[in-house]
Amino acid sequence: MKTITKYHNPRFSSFYFPNFGIQNVLSPIKKENPLSLHFLNKFSPAKQHVSSLSTRTIQNPNVESNREANSPAKTRLDTKPLHHHATSSDVILSNKMITNHIRSGDLDSALYVFDNMTVKTTVTWNSVLAGLSRKCGKLKEAQELFVKIPEPDAVSYNTMLSCHARNSDMERAQAFFEDMPLKDTPSWNTMITGFAQNQQMDKARNLFLIMPTKNVVTWNAMISGYVECGDLDSASKLFEKAPFKSVVAWTAMITGYMKIGRVGLAERLFQKMPEKNLVTWNAMIAGYIENYRAEDGVKIFRTMVGFGIQPNSSTLSSALLGCSELSALQLGRQVHQLVCKSPLCDDTTAGTSLMSMYCKCGVLEDGWKLFVQLPRRDVVTWNAMISGYAQHGEGKKALGLFDEMIEKGMKPDWITFVAVLMSCNHAGFTDLGVKYFHSMEKDYGLAAKPDHYTCMVDLLGRAGKLVEAVDLINKMPFKPHAAIFGTLLGACRIHKNAEMAEFASQKLLNLDPTSATGYVQLANVYAATKRWDHVARVRKSMKSCKVVKTPGYSWIEVKSVAHQFRSGDKAHPELTSIHEKLKELEKKMKLAGYVPDLDFALHDVGEEQKEQLLLWHSEKLAIAYGLIKLPPGTPIRVFKNLRVCGDCHRATKYISQIERREIIVRDTTRFHHFKHGHCSCADYWIPAVAHRYDMLGTKILNLHCIMKGVGCVQDCEAMAFLACLKTRYVTRFSDMAVQELQDVF
């Protein structure tokens with residue numbers, strides 16, 4: 001194993017991108033970064049602790065195929081067995097060989113050398129015992145070897161004790177500990193660490209209190225144990241009392257505070273730390289991402305790289321997750337370049353994280369390229385790609401990939417089936433989804449979890465099978481959670497079922513009284529059915545309970561800058577040109593057959609005002625800005641923090657045809673790819689009547705484009721002709737008129 005400072009592998013380099021300023025943003029040589037967080041300005045790179053973690057030594061990914069010592073047959077050729085004439089130097093040499101094999105994980109070769117030694121010292125026995133103790137499931141072999149040691153010493157006893165603890169056999173470990181003739185500080189530390197790792201903190205504390213001599217390992221074990229158990233109060237008290245505060249203890253406390261959402265305390269500890277290693281930085285980056293502060297997570301990642309600290313696969317996974325949350329595709333590509341130039345280019349975890357980032361940023365084809373190029377794929381890799389296809393509405397491809405996964409002998413886990421059920425849901429494969437749900441336990445021995453039931457309720461609910469969805473909830477083997485009723489409520493809104501919506505809303509609010517979803521979705525159902533008095537009552541109740549609705553907003557990345565819009569936005573500096581563009585689009589869309597769906601204007605105002613409110617929805621503002629700023633032919637990628645509005649969905653189909661642009665919109669559940677007047681979701685989630693008129697409008701628009709293309713009539717004549725084919729409100733067509741138009745087309 002050697003430290004690699006520069007490494008290049010063509011595995012990913014065939015999939016390269018132009019330089020997006022990576023030398024300025026992610027260069028490890030750079031020592032200052034203007035994007036660092038405010039509290040990071042208080043310490044300098046000189047204070048950073050350069051440890052084995054912060055200057056990472058990474059093993060060659062192909063070491064398994066290249067390491068000659070890994071083959072027992074090869075070892076027999078290279079190793080000379082010791083005979084009865086063995087000298088002390090021969091014993092030392094053999095001991096070194098055993099140690100090297102153990103360190104490289106080659107236990108078989110170590111045992112071969114051991115078996116051929118005629119003279120063995122206690123060090124020899126201890127080395128092999130250590131190798132066995134590191135392998136889970138080797139407890140019996142370790143015990144058999146231990147009893148054969150002629151003169152066991154303290155190391156022998158501690159190694160055997162560690163083997164018991166590592167195999168989660170703490171009762172036997174305690175019995176062994178009590179019978180040990182020699183107990184030194186490492187013996188006590190092994191027991192305390194074992195109890196802490198098994199979340200038996202009462203027993204760990206009892207030993208801690210009577211332990212004769214404590215060292216830094218002791219304090220680290222106790223503090224880390226309390227953090228893992230979620231007892232931050234006890235961990236904090238011990239941390240304050242600890243005479244030794246190593247980087248391990250500081251990092252454990254930061255991790256603990258991040259887990260319970262106390263980000264400010266974690267930041268203050270990070271600032272005070274006298275030395276930091278890679279694990280510390282990883283804790284901060286992951287903590288920000290987990291606490292929905294992806295922007296801060298990305299900033300501190302940049303700062304870390306600016307200090308010259310080499311990231312590992314864990315760092316990159318968190319950073320790429322942050323890029324996914326922010327939909328920061330350009331930064332994600334920079335991280336990709338960083339991976340290509342590092343020893344992690346063949347790392348499965350890093351490759352999977354990159355693949356997932358591209359899928360979540362709307363570039364499914366690049367995610368697939370990485371999937372194909374990965375030399376090794378684990379179940380997480382397969383899950384990520386299946387989920388990617390599911391999120392983009394490629395249900396058939398997702399299920400085909402699942403079949404391929406099974407054929408290749410990869411065993412699916414519960415997350416795999418969440419992705420499979422999501423694929424069925426987004427593609428509208430209701431019966432197939434039910435089949436997979438039942439086969440999960442029958443064929444694969446996987447018990448359904450709450451996430452699977454949520455997928456099934458969404459699948460049934462969106463198909464209009466609300467009664468079956470409620471029946472499934474009632475049959476759940478555990479108590480229903482809030483999310484499942486939120487999902488049912490969303491289906492009720494689609495099908496305008498007020499009675500079922502009231503039931504779902506009440507159940508949701510009983511479980512989570514602070515949930516804005518329970519109020520907002522119910523109010524939306526009432527608004528869609530014109531029951532404005534009920535809408536007012538719900539909003540009043542929401543206000544009295546001090547429940548705040550999450551504001552909806554959309555954003556688009558232009559030249560590596562994210563531009564955010566809210567409905568009726570008044571803050572963006574280029575709002576005038578955006579409104580002009582939308583007015584222009586509105587005229588063209590209406591001529592092509594678009595009619596605003598006023599059911600999505602959830603306010604009791606006049607029709608004209610409702611149309612204005614719909615026109616200024618956040619996703620339309622973002623799309624218009626993209627059309628103004630991005631070069632012709634460039635796909636427009638818009639992201640929204642809530643589900644896409646039904647009227648915006650319909651309008652975007654028209655815009656994609658009029659502007660001849662691919663428009664990709666990601667909401668909270670999936671991606672919508674709009675192209676040539678169609679969406680990848682096939683309008684599955686839109687009620688049948690609305691879908692019928694959408695298809696009619698698309699046909700009118702296609703005819704208009706054909707007429708213009710062949711030049712058979714002038715543009716104004718085409719507009720006049722189309723105006724004769726429709727009234728102002730397409731939704732008021734009689735069935736006979738609709739049939740006549742369909743016959744024409």
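This is a predicted model, so every value here is computed, not measured.
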Give a yes or no on whether the backbone of Ala390 and the side-chain of His426 come within a donor-acceptor separation of less than 3.5 Å.
-> yes

Measure the shortest side-chain to side-chain distance between Val558 and His563 over non-hydrogen atoms and say whether it is less than 4.5 angstrom.
-> yes

Determine, stepwise, if the pair Glu619 / Thr652 fulfils side-chain contact (heavy atoms from CB on, under 4.5 Å).
-> CA-CA 9 Å; Glu619 43 265 71; Thr652 306; 5.8 Å; no

Donor-acceptor pair, side chain of Ser505 and main chain of Gly518, under 3.5 angstrom = yes

Decide salt bridge (Lys or Arg N to Asp or Glu O under 4.0 Å) for Arg293 and Glu267; before the verdict, give the C-alpha distance in whole Å, the side-chain angles of both, and the deciding distance to 0.1 Å.
-> CA-CA 13 Å; Arg293 289 176 56 173; Glu267 288 176 339; 3.2 Å; yes

side-chain contact (heavy atoms from CB on, under 4.5 Å) evaluation trace for Phe503 with Val470 | CA-CA 10 Å; Phe503 163 79; Val470 173; 4.2 Å; yes

For Lys507, all residues meeting salt bridge (charged side-chain N to carboxylate O under 4.0 Å, His left out), sequence neighbours excluded | none

Worked check of side-chain contact (heavy atoms from CB on, under 4.5 Å) between Ile556 and Phe639 | CA-CA 7 Å; Ile556 183 171; Phe639 305 89; over 6 Å; no

Can you tell if the side chain of Cys681 reaches within under 4.5 Å of the side chain of His649, non-hydrogen atoms only?
-> yes

Are the side chains of Val525 and Asn497 in touch, meaning some heavy atoms are under 4.5 Å apart?
-> no

List for me each residue that meets ring-ring contact (aromatic ring centres under 6.0 Å, His included) alongside His534, sequence neighbours excluded, and say none if there are none.
-> Tyr526

Say you draw a straight line from CD1 of Ile663 to CD1 of Ile636; how long is it, rounded to the nearest 0.5 Å?
-> 5.0 Å

Among Ser317, Ser318, Ser324, find the residue that satisfies the side chain to side chain donor-acceptor pair (under 3.5 Å) test when tested with Ser353.
-> Ser317

Between Met284 and Ile300 the two heavy atoms that sit nearest each other are CB-CD1, 3.8 Å

Donor-acceptor under 3.5 Å (Ser234 side chain, Asp231 main chain) | no

Distance from Leu265 atom CG to Ser236 atom OG, nearest 0.5 Å?
-> 8.5 Å

Would you say the side-chain atoms of Ser327 pair up with the backbone N or O of Cys323, donor to acceptor, closer than 3.5 Å?
-> no

Please confirm whether the backbone N or O of Leu421 pairs with a side-chain atom of Asn425, one donor and one acceptor, at under 3.5 Å?
-> no

Least distance between heavy atoms, Arg302 atom then Leu331 atom | NH2-CD1, 3.6 Å

Hey, could you give me the NE2/CG distance between His572 and Leu621, rounded to the nearest 0.5 Å?
-> 9.5 Å

To the nearest 0.5 Å, atom CG of Leu232 lies from atom CD1 of Ile223 at 11.5 Å

Does Trp281 use its side chain to pair, donor to acceptor, with the backbone of Thr315 at less than 3.5 Å?
-> no

Note: Pro635 and Leu630 closest approach over all heavy atoms is O-CD1, 4.0 Å

Phe478 and Tyr453 aromatic centres sub-6.0 Å | yes

Where Gly490 and Gln521 come nearest, the two heavy atoms and their spacing = CA-NE2, 3.7 Å

Trace of the side-chain contact (heavy atoms from CB on, under 4.5 Å) decision for Leu522 with Glu502 | CA-CA 7 Å; Leu522 181 59; Glu502 289 171 351; 3.9 Å; yes

Got a salt bridge between Lys259 and Glu228, using NZ or NE/NH1/NH2 to carboxylate O under 4.0 Å?
-> yes

Salt bridge (charged side-chain N to carboxylate O under 4.0 Å, His left out) partners of Lys245, counting only residues at least two apart | none

Kindly indicate, with the supporting measurements, whether the criterion side-chain hydrogen bond (donor to acceptor under 3.5 Å, both in side chains) is fulfilled by Thr454 and Thr487.
-> CA-CA 7 Å; Thr454 303; Thr487 301; 5.2 Å; no

Are the side chains of Arg666 and Val638 in touch, meaning some heavy atoms are under 4.5 Å apart?
-> no

Between Asn524 and Tyr519, do the side chains contain an N or O donor and an N or O acceptor separated by less than 3.5 Å?
-> no

Starting from the C-alpha separation in whole Å, work towards a yes-or-no answer on salt bridge (Lys or Arg N to Asp or Glu O under 4.0 Å) for Lys590 and Glu611.
-> CA-CA 12 Å; Lys590 284 186 174 180; Glu611 286 191 26; 2.8 Å; yes

Near Arg531 CZ, under 6.0 Å, is it more than 12 heavy atoms from other residues, nucleotides or ligands?
-> yes

Spatial distance of atom CZ (Phe485) from atom CG (Asp512) [nearest 0.5 Å] | 12.5 Å

Judged by atom type as modelled, is there a donor-acceptor pair below 3.5 Å linking the side chain of Ser387 to the main-chain atoms of Asn383?
-> yes

Using salt bridge (charged side-chain N to carboxylate O under 4.0 Å, His left out) as the criterion, list what pairs up with Glu325, not counting sequence neighbours.
-> none

Are Tyr358 and Leu364 side-chain neighbours, meaning at least one heavy-atom pair lies under 4.5 Å?
-> no

Would Glu584 and Lys581 satisfy salt bridge (Lys or Arg N to Asp or Glu O under 4.0 Å), going step by step from the backbone distance to the final call?
-> CA-CA 5 Å; Glu584 173 194 328; Lys581 183 66 178 177; 3.7 Å; yes

Are any of the side-chain heavy atoms of Lys559 and Lys629 separated by less than 4.5 Å?
-> no

So the salt bridge (charged side-chain N to carboxylate O under 4.0 Å, His left out) pairs with at least one residue in residues 475-490 (sequence neighbours excluded) are Asp471-Lys475

What's the shortest heavy-atom distance between Ile664 and Arg637, and which atoms?
-> CD1-NH1, 3.2 Å

His452 side chain vs Trp414 backbone, donor-acceptor pair below 3.5 Å = yes

Would a 4.5 Å heavy-atom cut-off, applied to side chains only, mark Val548 and Met542 as touching?
-> no

Side-chain heavy-atom pair Leu466, Leu460 within 4.5 angstrom cut-off = no

Nearest-0.5 Å distance that lies between atom OG1 in Thr416 and atom OH in Tyr436 = 12.0 Å

Measure up the Phe674 and His672 rings against each other and bin them: parallel (under 30°), tilted (30 to 60°), perpendicular (over 60°).
-> parallel

Side-chain donor or acceptor of Glu574 paired with backbone N/O of Tyr625 under 3.5 Å = no

So among Phe239, Tyr257, Phe270, which one has a ring-ring contact (aromatic ring centres under 6.0 Å, His included) with Trp250?
-> Phe239

Which pair of heavy atoms, one from Ala622 and one from Ser554, lies closest together, and at what distance?
-> CB-CB, 4.2 Å

Main-chain N/O of Leu488 paired with Asp458 side-chain donor or acceptor, under 3.5 Å = no

Residues forming a ring-ring contact (aromatic ring centres under 6.0 Å, His included) with Tyr226, sequence neighbours excluded | none

